[in-house]
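Ligands are counted one by one from 1 in listed order, and the atoms in each one are counted from 1 as well.
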Amino acid sequence: MRILPLAAGIVAALFATGAFAQQQIVIKFSHVVANDTPKGKGADKFKELAEKATGGKVKVEVYPNSQLFKDKEELEALQLGAVHMLAPSLAKFGPLGAREFEVFDMPFIFPNKEVLAKVTEGAIGKGLFDKLESKAIKGLAYWDNGFKVMSANKPLRKPDDFKGIKMRIQSSKVLESQFRALGSLPQVMAFSEVYQAMQTGVVDGSENTPSNMFTQKHHEVQKHITLTGHGYIGYAVIVNKKFWEGLPSDIRAQLEGAMREATVYTNSIAQTENDEALAGIKASGRSEVYAPTDAEKKAIAKVMEPVYREMEGRVGKELIASIQKIKAEYGF
Ligand code: LMR
């Protein structure tokens with residue numbers, strides 16, 4: 001008769017000593033790009049480092065290529081805890097109400113990755129992450145992809161070439177404004193749907209990084225690519241805040257270490273990944289790659305200028321000014 005309470009007592013004592021806390025923790029990490037991209041490789045690197053650092057107490061399951069969720073759905077799933085970790089493009093935080101993130105989409109805002117790193121690694125990057133906390137999200141790191149190029153089935157050299165064409169964009173009002181300034185018809189669409197939309201003529205073109213275009217085979221359905229470098233794509237690695245803060249603190253520290261290392265790795269390979277993808281596009285002979293002259297780039301930049309006035313209220317005048325200040329420190 002006394003056995004039951006005794007057994008319950010033993011079980012309670014075991015719980016208290018953590019004997020049952022040995023169960024493996026699973027982290028689902030979902031993303032929308034291919035494995036062989038900067039983000040894809042970064043996610044795989046984090047898995048490797050996290051599993052090693054925790055001695056197998058944590059298992060990271062990586063789901064690439066929108067296998068689990070498409071663009072908008074993945075953020076909702078993270079907030080609900082259906083997935084634990086994501087690395088969405090910075091252009092995709094606007095619909096969450098974190099409109100300041102769209103500052104990264106401003107045309108020609110970053111002259112190089114040095115200035116960019118100064119922004120993401122400093123007070124601005126931290127301030128942006130702070131804004132996610134009220135949305136059940138915690139920001140862990142910024143990962144690089146690269147500068148964007150433009151693609152279509154016709155040559156895109158002068159601002160006039162963009163008039164009237166349907167351009168796929170990510171869900172960012174700044175990107176919408178950018179293409180409206182060019183006279184194009186911007187169309188928000190999930191990344192996984194772009195190839196088919198190009199193939200069937202639902203859109204005429206898009207902007208993206210060479211690594212994203214090459215791994216999705218966009219160059220096979222776009223005859224022309226112009227190396228405008230007019231904007232940037234990078235990522236915020238984020239986690240469900242409640243899940244992350246509920247992890248045992250020693251494990252969380254090990255995971256943070258793995259994330260730091262995976263971030264250094266990802267940011268060190270991003271440019272090479274894009275350079276190699278561009279070489280692959282050129283070698284395929286499917287798409288003609290055009291490097292615009294400085295005068296052609298300037299003409300495009302000039303047409304995009306009104307985006308700053310139009311969007312300063314949305315992303316924050318002071319935020320833009322603080323990035324301009326960093327640029328000035330670097331002589332831009
Ligand atoms: C896109 O949707 O074009 C990209 O942001 C995808 C990605 O995550 O790089």
Side-chain angles (χ1 to χ4, degrees), residues 29-44 46 62-78 83 85-96 98 101-106 110 116 120 139 141-152 166-176 178-179 184 186-198 202-219 221-222 225 228-238 263 266-267 269-271 273-274 277-278 281:
F29 187 164
S30 168
H31 67 81
V32 300
V33 295
N35 286 318
D36 48 348
T37 56
K39 176 162 64 179
K41 290 191 173 177
D44 291 345
F46 173 71
V62 179
Y63 298 91
N65 271 319
S66 311
Q67 251 171 51
L68 280 191
F69 303 105
K70 291 184 190 174
D71 303 23
K72 190 167 159 275
E73 300 155 6
E74 67 173 14
L75 277 158
E76 288 161 4
L78 185 85
V83 64
M85 186 176 281
L86 304 173
S89 149
L90 299 164
K92 291 179 182 168
F93 287 80
L96 274 186
F101 278 78
E102 291 180 6
V103 79
F104 289 96
D105 303 328
M106 291 302 239
F110 300 112
L116 170 87
T120 52
Y142 289 95
W143 283 2
D144 257 353
N145 186 333
F147 291 99
K148 292 181 282 190
V149 302
M150 297 276 199
S151 78
K166 288 173 280 175
M167 296 296 271
R168 178 268 171 174
I169 56 165
Q170 306 178 72
S171 56
S172 155
K173 293 288 177 206
V174 170
L175 298 179
E176 197 177 313
Q178 171 193 276
F179 278 110
S184 308
Q187 209 158 311
V188 175
M189 185 177 287
F191 184 61
S192 59
E193 290 163 9
V194 182
Y195 175 87
Q196 210 190 350
M198 285 170 166
V202 169
V203 294
D204 298 308
S206 83
E207 53 163 21
N208 223 311
T209 59
S211 61
N212 273 348
M213 285 193 178
F214 186 56
T215 52
Q216 299 297 319
K217 303 192 187 336
H218 291 179
H219 61 293
V221 286
Q222 298 274 272
I225 290 175
T228 44
H230 62 284
Y232 170 74
I233 291 186
Y235 309 105
V237 186
I238 54 177
T263 299
T266 308
N267 294 348
I269 62 158
Q271 192 56 48
E273 289 294 311
N274 278 297
L278 187 61
I281 291 173

Asks: Hey, which residues fall under 4.0 Å of ligand 1 on heavy atoms?
Replies: V32, V33, K39, D71, S89, K92, R168, Q170, F191, N208, N212, Y235
Asks: With sequence neighbours excluded, tell me which residues meet salt bridge (Lys or Arg N to Asp or Glu O under 4.0 Å) with K92.
Replies: D71
Asks: In terms of the angle between their ring planes, are F93 and F101 parallel, tilted or perpendicular, with boundaries placed at 30° and 60°?
Replies: parallel
Asks: Does Q196 have more than 12 heavy atoms from other residues, nucleotides or ligands lying within 6.0 Å of its CD?
Replies: no
Asks: Which residues pass the side-chain contact (heavy atoms from CB on, under 4.5 Å) test with Q187, sequence neighbours left out?
Replies: K166, M189, V202, V203
Asks: Can you sort out the partners of F69 under side-chain contact (heavy atoms from CB on, under 4.5 Å), two or more places apart, ordered by chain and number?
Replies: S30, E73, E74, A77, A82, V83
Asks: Just so I know, are the side chains of M150 and M167 near enough to count as touching, which here means a heavy-atom distance under 4.5 Å?
Replies: yes
